[in-house]
There are 2 protein chains.
Amino acid sequence: MAANERMSKRDATRRENEARILAAAEKVFAEAGFGGATMQLIADMAGLPKANLHYYFATKEELYRKVVQQIFEIWLHAADSFDNAPGPVEAIGAYIDAKMEISRRHPFGSKVWASEVMHGAPVIQDYLETTLREWTKGRADLIQRWIDEGKMAPVDPRHLLYMLWATTQHYADFGHQIETLNGGKPLTDRQWKAAKDSVKTIILRGIGAI
Amino acid sequence: MAANERMSKRDATRRENEARILAAAEKVFAEAGFGGATMQLIADMAGLPKANLHYYFATKEELYRKVVQQIFEIWLHAADSFDNAPGPVEAIGAYIDAKMEISRRHPFGSKVWASEVMHGAPVIQDYLETTLREWTKGRADLIQRWIDEGKMAPVDPRHLLYMLWATTQHYADFGHQIETLNGGKPLTDRQWKAAKDSVKTIILRGIGAI
DNA sequence: TCTCTTTCTGACCGTATGGTCAAGGTTGAG
DNA sequence: CTCAACCTTGACCATACGGTCAGAAAGAGA
């Protein structure tokens, strides 16, 4: 269906239902894990009968796979921040901003992703071995080039990438812990900014880019 | 029972069985999540009939709680590295070493801990609010003192701590991803050392301590 | 050895879950 | 208006799971 065609009522309903189900599933999978999540709970949260879920998504696995893929897309898109930057300060700074923003806006997705990887990536192992592996190699090469050009200190590019992932995703995956240590209150706008700035400052200075 | 008393056969068996069950449970909970883990699987892995598990641990929740508590102990013990150090370089360096070693030696425990926190800490919320909160405040104050004394750059102590946790635990929690990006092979001794050094270098330079 | 306590285990039970299905309702092209 | 395709849903099913229990086995103390 082309974008300029008028959408039929059916198409609109389908699209909306799928979106509701996916959103509900993301939340339930994040909060209960794959094994702890139930189709009934997802259905209730989406406001649909359980049998209807199985009309749109044949099995729990299929629904889960869609959720994980959706997250992977967002995740990869943030990687764009890395490109078209003259040097490490701009690239890594923008990447940290983007990933921190994802942690803030998509905490459920981040948790589902973390859970998937922690359990051995049963669903997205092929993505790890293809897309992610290539992406990582490309960025590691880029970082190495910056090092060779004297734009930053000689650090292991891969461990730097792991550090970026770990630090930014921590704010989503361990958000509950952070909230608890913040007096039980979610981080405010100001605190999120402070978090971003802290991470950027420490890492950029840590790699000798500033 | 005092330590110098001879242990009866019964006591020895009990101790051994509990240890086997806890080890098996840690692995299964880490790999499948609480919801995905089954008592049958834990029993098989421990080499005991399922009914026997329920003799030692009344419910799945109780077994899980023991596993999580065990991990928290190890986690807290690593925190000792922070003490009795003259300044940030020694303290944070030792802490990174200790936590990286835990990630390497107790990857299952780390995953269970991560999973527990990600799911809202249903079991160890009270620990977060008491022990962890106090520990964090103490170390944050200590870091602030170092800043005031000019031993390191002014960074937000709490965000620094989060960064330490995130970065070190990442090597356990996302170990599968790292292994995949390492050509499907676990990190070698040399690579673990490189990881530790990278983390220490970037962070210690990042906080202006070296 | 005898006896009491602790430990072990196969068989069993109620429940919750993922998934199915048939019947009825709704939509839209021709 | 018609009808075929599509969507919705309550009721249902088979299975797998956590947990129970009665009785057998093994150990400890006398």
Side-chain angles (χ1 to χ4, degrees), chain A residues 1-2 5-22 24-68 112 115 119 122-123, chain B residues 1-2 5-22 24-68 112 115 119 122-123:
Chain A
M1 182 186 58
E5 278 184 59
R6 188 172 172 83
M7 216 191 305
S8 70
K9 190 167 178 181
R10 271 193 184 153
D11 287 340
T13 305
R14 169 173 276 272
R15 182 175 294 208
E16 187 186 324
N17 281 352
E18 284 180 353
R20 291 173 69 135
I21 294 169
L22 283 170
E26 182 176 300
K27 190 171 183 195
V28 173
F29 282 134
E31 288 176 349
F34 179 81
T38 71
M39 294 298 270
Q40 187 62 63
L41 195 59
I42 295 170
D44 291 348
M45 190 157 295
L48 296 168
K50 180 169 71 101
N52 210 347
L53 256 67
H54 283 98
Y55 176 75
Y56 286 104
F57 302 92
T59 65
K60 190 183 177 186
E61 274 82 5
E62 184 185 321
L63 175 55
Y64 175 74
R65 188 173 296 123
K66 283 277 160 55
V67 169
V68 172
V112 173
S115 194
H119 297 153
V123 163
Chain B
M1 184 186 56
E5 277 184 59
R6 188 172 171 84
M7 216 190 304
S8 70
K9 190 166 179 182
R10 271 191 184 157
D11 286 341
T13 305
R14 167 172 278 272
R15 183 174 294 208
E16 187 187 322
N17 281 352
E18 283 180 352
R20 291 174 69 133
I21 293 169
L22 284 169
E26 183 176 298
K27 190 170 183 194
V28 173
F29 283 135
E31 289 175 348
F34 178 82
T38 71
M39 294 298 269
Q40 187 62 63
L41 195 59
I42 295 170
D44 291 347
M45 189 157 295
L48 296 169
K50 181 168 70 103
N52 209 346
L53 256 67
H54 282 97
Y55 176 74
Y56 286 104
F57 302 93
T59 66
K60 189 182 176 185
E61 274 81 7
E62 185 185 321
L63 175 54
Y64 176 74
R65 188 173 297 123
K66 284 274 161 58
V67 169
V68 172
V112 174
S115 194
H119 296 358
V123 163

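Here is how names work: the chains are called A, B, and so on, in the same order as the sequence lines, proteins then strands, and each is numbered from 1.
- Across all strands shown, A:A37 has heavy atoms under 4.0 Å from sugar-phosphate atoms exclusively, and none from any base.
- Not a single donor-acceptor contact under 3.5 angstrom links the side-chain atoms of B:K60 to the base of D:dG19.
- Distance CD1 (B:I21) to C1' (D:dG18): 15 Å, rounded to an integer number of Å.
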Output one line per pair: protein atom, nucleotide atom from nucleotides 21-27 of chain D, and distance, for all N/O pairs under 3.5 Å.
residue	atom	partner	partner atom	Å
D:dG27	OP1	B:K9	NZ	3.1
D:dG27	N3	B:R10	NH2	2.9

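- Checked by atom type and distance alone, the side chain of A:K60 pairs as donor or acceptor with a backbone atom of A:F34 at under 3.5 Å.
- B:Q40 has its CD atom 12 Å from the C1' atom of C:dG10, to the nearest Å.
- Under 4.0 Å is where a charged nitrogen must lie from a carboxylate oxygen, and between A:R20 and A:E16 at least one such pair does.
- A salt bridge links A:R14 to A:E18: one of the charged nitrogens lies within less than 4.0 Å of a carboxylate oxygen.
- In this structure, B:F57 reaches neither bases nor backbone, as no heavy-atom distance under 4.0 Å exists between it and the strands shown.
- Regarding A:K50, its NZ atom lies at a distance of 13 Å from the P atom of C:dA16, rounded to whole Å.
- With rounding to whole Å, B:F34 atom CZ is found 14 Å from D:dC17 atom P.
- Atom CZ in B:R20 sits roughly 14 Å away from atom C1' in C:dC8 (whole-Å rounding).
- Residue A:N52 contributes atom CG, which lies 13 Å from atom C1' of C:dG25 at whole-angstrom precision.
- In this structure, B:F57 and B:K66 approach most closely via the heavy-atom pair CE2-CG, 4.0 Å.
- Regarding contacts with the backbone of D:dT8, a side-chain N or O of A:N17 is found under 4.0 angstrom from either OP1 or OP2.
- When heavy atoms are screened at a 4.0 angstrom cut-off, A:E61 is found touching the sugar-phosphate backbone but no base atom.
- Taking atom NE2 on A:H54 and atom C1' on D:dG10, their separation rounds to 15 Å, with Å as the unit.
- Contact between the side-chain N/O atoms of A:Y56 and the OP1/OP2 oxygens of D:dC7 is not found at any separation under 4.0 Å.
- Within the 4.5 Å cutoff, the side chain of A:V68 has no heavy atoms near those of the A:F29 side chain.
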